[in-house]
Amino acid sequence: MALIPEQLRAPYNPNATEDRIYKLWEESGFFSPDTRPPWADNPETNPNCGKTFSMVLPPPNVTGTLHMGHAIMLAVEDSLVRFERMRGKKTLWLPGTDHAAIATASKVEADIYKKEKKTRHDLGREEFLRRVNAFAAESHDIILNQLKKMGSSLDWSREAYTLDDARTLAVRTAFKRMYDAGLIYRGHRIVNWDPRMQTTVSDDEIEWREEQAPFYYLKYGPFTIGTARPETKFGDKYVVMHPDDERYKEYEDGQKIALEWINGPITATIVKDDSVDPAFGTGVMTITPWHDAVDFDIAERHHLDKEPIIDAHGKLLPIAGEFAGMHIKKARPQIIEKLKAKGLLARVDEHYTHRVAQNSRGGETIEPQIKLQWFVNVSAKFKLKNSKLNGIPSGSEITLKELMRAAVQGGQIEILPDHFAKTYFHWIDNLRDWCISRQIWFGHRIPVYYCARKNKEACERPLVSIEPVERCPACGEAVEQDPDTLDTWFSSGLWTFSTLGWPAAENDMADYHPTTVLETGYDILFFWVARMILMTGFLLEDIPFRTVYLHGLVRDKDGRKMSKSLGNIIDPLDMIKKYGADATRMSLLVGNAPGQDLKLSEDKIRGYKHFANKVWNVTRFLLQYADADTGASSGADEYALNAAEGLSAEEKEMLDELRAAASDITENISAYQLHLACEKIYHYVWHTFADKILEASKPVLNGTDIASRTRRAETLLAMWRTCLALLHPFMPFITEELWSLLPHKNKRALLMVSRWPVR
RNA sequence: GGGCGCGUAGCUCAGCUGGUUAGAGCGUCGCAUUGACAUUGCGAAGGUCAGAGGUUCGAGUCCUCUCGCGCCCACCA
């Protein structure tokens, strides 16, 4: 009788299967590299015995739920891990979540304001943090569920969080070591200030928006200057022009001139500087060093005075005279009126477009300000003691910038696709010191303490400490911790090794570091990838990973970014519910070339649900013939690739073709060409195995020659086991389920830890 | 302003180091099919690989230029 199990009689139902299979995997313990099947620990049965494969999960932000961008990451990473696990490597894929400091804080803050009309200051630091942590915990649980739904074979025993105790130790240790090496400093620098969130924002978190605004030409003594921001001009007392500008050759650098300005007569100083573009406007400008980065640089070069004009909330300071206390947005038209009345307004260009900086986490217009902040110095030399970096011997002195460049340039880290290396170098070349302090409450508090009394000279210095400090070691008085928190990327920059236990004595570093591959979206190459290279380079004098695999962004079928406002979001969970996780994964893998954006439509996902059904039905078909009469039910657990004896010429040819496909697929995955591998196995299963081989086998299977029937049925079953194995990294659920329904001679093992068909 | 990428069948895209009549999915059009297949099979139409030039025995693939898109970076006051 045919051996068709009951569940195979109905069409494949992913919903009824996937959670059960995931639980089976999880309980098996094989997600952890510490649990391995016997064959994998035996060098005779496993040529990869002793080799490891390690990868961290880019920790999703605890700001809500996962989207298709996460799904693509999970599909790629899980496929890689499952492949390597089946190849017998000791395989670690390490999960975790990211507290995402400003993103999470601003979301919670906005929610609270919406519901209760309260700000974080109304709640106070403690209560606010309680709320954020509660939200983060809730978000974490949702995310974990989603990760599991996708089939991610993550080692949950090693789960980490960027804000947990172990990672806090890593962060404080990293800060202290960098501080002691002179790579972290505190200073007054111009920073991107968000007046609404009351915090600095890093250069990388700025979004530029085109804006049309009037451009005013103002009379400034004998000059005419152009500005889009008259409200910042109260303190302008330097007038700058290019040294070679013939029009202004009568003026000399340092020359003083008296002139009438907005609130009365002032003395201005001429400054000659190369950075002025003679072709722009009148070729003359005044500078506002406190509120403009270019002006700040000019002021630094010429040692000029800097004065604040606008306060932290966007209101004018007393220097603005009668406008003091007004918000800049309200003051601007009134200032223009006054300039006009005084005859200082030469003309107005109404059609001027320029770019305005906005905080990408919240959308408020950035007001540059000079603030006392903490920075990582990317251009200061430090000495490598025990370098594992190619081409940079121990004892050499190097800057973080040079180190970041060298790690990739020397080929020690490979970036895929390789053209992103150029983008990376370009970014490094333009890199400025990294502002790491944030004036928000959620995050790693800066591990620096100040003596409250400063009784003695020794109390003057800030105290940087890995352990929390309560009393000043010099005078015994209470200390105050720096109120700021660290940029979220400071902690995620440590992720590849903080998750392995660094700097604790007991850790996994020896086994799994450097990690084999880092898989992530190209949009965070700078934010994250570069910073991991920086942190690892300094703290471990090593690379964090050997290969960087960058996937593209998921777009809708028209190529638009998926966003709430466009209403074109495809929710991974919805798709899993409708079509199954396997189909969802396949739709994200096929056509997904590294670094290339992927257009996704529901039709595509539906297409792979059809494929899953095909796979299901092939099994049902084969099991019809796997009956007691043919003896095929006793089929060995071995794959078909090595069998050859006693086969017909036709069967040998079938096997040759499968062998070729399997070896191609293996090569493709090894070269991170998952899109090719996926398409190949898809094509082989459907259009070669099902359409051609099974069709051609029907006469044999239904024929009268028992020996031929049996042999063919056994061959096909063995080939099918091979197919399921090859398909497993991409479609783990259905293949595992079908594997369990096939007849097995030996004790049934999970497909997840069965040997890969190609050695 | 600097950098990067893309332009291949109606649509979405593969095509690695140049090598036979350029591929897949979806869609379209025929025919078959109660079939292992709710979601099937067989077949067909459809491409001067953006355009021009060059290297080569040979170019979708390498080089140069042009056109059209997209993205990233940058301190246009």
Please report the distance, rounded to the nearest Å, between CG in Asn592(A) and C1' in A24(B).
15 Å

How would you label the contact of Ala612(A) with the nucleic acid (heavy atoms, under 4.0 Å): base, sugar-phosphate, or nothing?
nothing

Quote, to the nearest angstrom, the C1' distance that separates C57(B) from C69(B).
36 Å

Using a 4.0 Å heavy-atom cut-off across all strands, classify His426(A) as base, sugar-phosphate, or nothing.
base

Candidates C37(B), C73(B), C75(B) - which lies nearest the side chain of Asn430(A):
C73(B)

Length of the line joining Asp597(A):CG and G5(B):C1', which is rounded to integer Å
10 Å

Tell me what His687(A) touches on the nucleic acid: a base, only sugar-phosphate, or nothing, going by heavy atoms under 4.0 Å.
sugar-phosphate

Paired nucleotide for C62(B) [Watson-Crick or G-U wobble; both distances under 3.5 Å]
G54(B)

Roughly how many Å is it from CE in Met586(A) to C1' in A14(B), rounded to a whole number?
14 Å

Before giving the answer on side chain to side chain contact (heavy atoms under 4.5 Å, CB included), spell out for Glu737(A) and Glu18(A) the whole-Å C-alpha distance, their side-chain angles and the decisive distance to 0.1 Å.
CA-CA 9 Å; Glu737(A) 173 75 346; Glu18(A) 292 175 353; over 6 Å; no

Base, sugar-phosphate, or nothing: which does Lys698(A) touch, judged by heavy atoms less than 4.0 Å apart?
base

Tell me what Val240(A) touches on the nucleic acid: a base, only sugar-phosphate, or nothing, going by heavy atoms under 4.0 Å.
nothing

For Lys577(A) and Asp574(A), what are the C-alpha separation, side-chain angles and deciding distance, and is it a salt bridge (Lys or Arg N to Asp or Glu O under 4.0 Å)?
CA-CA 5 Å; Lys577(A) 199 164 181 199; Asp574(A) 288 350; over 6 Å; no

Any side-chain N or O of His675(A) under 4.0 Å from OP1/OP2 of G15(B)?
yes

Taking the cut-offs as 6.0 angstrom to the six-membered ring centre and 45 degrees off its axis, would you call Arg189(A) and Phe296(A) a cation-pi pair?
no

Rounded to whole Å, please give me the gap between CD1 in Ile669(A) and P in C16(B).
19 Å

Side chain of Lys422(A), heavy atoms from C-beta onward: which of C4(B), C75(B), C37(B) has the nearest atom to it?
C4(B)

Atom C1', compared across A59(B) and G2(B): separation rounded to whole Å
31 Å

Need to verify one output field. Residue with the more 5' nearest nucleotide on RNA chain B, Gly226(A) or Tyr12(A)?
Tyr12(A)

Could you tell me whether Arg405(A) and Asp429(A) have a side-chain N and a carboxylate O separated by less than 4.0 Å?
yes

Under 4.0 Å between any heavy atoms, over every strand shown, what does Arg229(A) touch: base, sugar-phosphate, or nothing? Just pick one.
nothing

Expressed as a whole number of angstroms, how long is the span from Tyr579(A):OH to A38(B):C1'?
14 Å

With Lys692(A), which residues qualify under side chain to side chain donor-acceptor pair (under 3.5 Å), at least two apart?
none

Tell me what Asp603(A) touches on the nucleic acid: a base, only sugar-phosphate, or nothing, going by heavy atoms under 4.0 Å.
nothing

Counting side-chain heavy atoms from CB outward, which of C37(B), A77(B), C75(B) is closest to Arg432(A)?
C75(B)

Tell me whether the OP1 or OP2 atom of A14(B) has a side-chain N or O from His683(A) closer than 4.0 Å.
no

Less than 4.5 Å apart, side chain to side chain, heavy atoms only: is that true for Trp720(A) and Leu742(A)?
yes

Indicate whether OP1 or OP2 belonging to C72(B) is found under 4.0 Å from a side-chain N or O atom of Trp208(A).
no

Glu695(A) (side chain) and A36(B) (base): donor-acceptor pair under 3.5 Å:
yes

Is the Trp686(A) ring parallel, tilted or perpendicular to the Tyr682(A) ring (thresholds 30°, 60°)?
tilted

Check the distance between C73(B)'s P and Phe526(A)'s CZ and give it to me in whole angstrom.
7 Å

Side chain of Asp691(A), heavy atoms from C-beta onward: which of G41(B), A38(B), A36(B) has the nearest atom to it?
G41(B)

Could you tell me whether Leu676(A) contacts a base, only the sugar-phosphate backbone, or nothing, with contacts defined as non-hydrogen atoms closer than 4.0 Å?
sugar-phosphate

Using a 4.0 Å heavy-atom cut-off, does Asp297(A) contact any base of the nucleic acid, only the sugar-phosphate backbone, or nothing at all?
nothing

How far, in whole Å, is A22(B) from U64(B) if one measures between their C1' atoms?
25 Å

Heavy atoms of other groups near His351(A) NE2, more than 12 under 6.0 Å
no

Any side-chain N or O of Asn668(A) less than 4.0 Å from the OP1 or OP2 oxygen of C16(B)?
no

Contact under 4.0 Å: Lys604(A) side-chain N or O vs U12(B) OP1/OP2
no

Between A77(B) (P) and Ile287(A) (CD1): distance, integer Å
15 Å

Can you confirm if the aromatic rings of Phe223(A) and Tyr251(A) lie within a centre distance of less than 6.0 Å?
yes

Taking the C1' atom in each of G53(B) and C71(B), what is the distance between them to the nearest angstrom?
29 Å

Who is the Watson-Crick or G-U wobble partner of G7(B), with both distances under 3.5 Å?
C67(B)

Assess whether one donor atom and one acceptor atom, taken from the side chain of Lys609(A) and the base of A38(B), lie less than 3.5 Å apart.
no

Does A14(B) have a Watson-Crick or wobble mate here (both distances under 3.5 Å), and if so which one?
none

How far does the C1' atom of G58(B) sit from the matching atom of U12(B), given to the nearest Å?
31 Å

C29(B) and U21(B), which share atom name P, separated by this distance in whole Å
32 Å

Atom NZ of Lys578(A) and atom P of A38(B): how far apart are they, to the nearest Å?
19 Å

Look through every strand shown and name the nucleotide pairing with G1(B) as Watson-Crick or G-U wobble, where both distances are under 3.5 Å.
C73(B)

Please pick, from A77(B), C13(B), C6(B), the nucleotide with the shortest atom-to-atom distance to any side-chain atom of Lys599(A).
C13(B)

Would you measure the distance from the C1' atom in G54(B) across to the matching atom in C42(B) and give it in whole Å?
46 Å

Spacing of the P atoms in C63(B) and C4(B) (rounded, Å):
13 Å

In Watson-Crick or G-U wobble terms, with both distances under 3.5 Å, the base opposite A44(B) is U28(B)

By nearest-nucleotide position on RNA chain B, the 5'-leaning member of Tyr608(A) and Pro594(A) is Pro594(A)

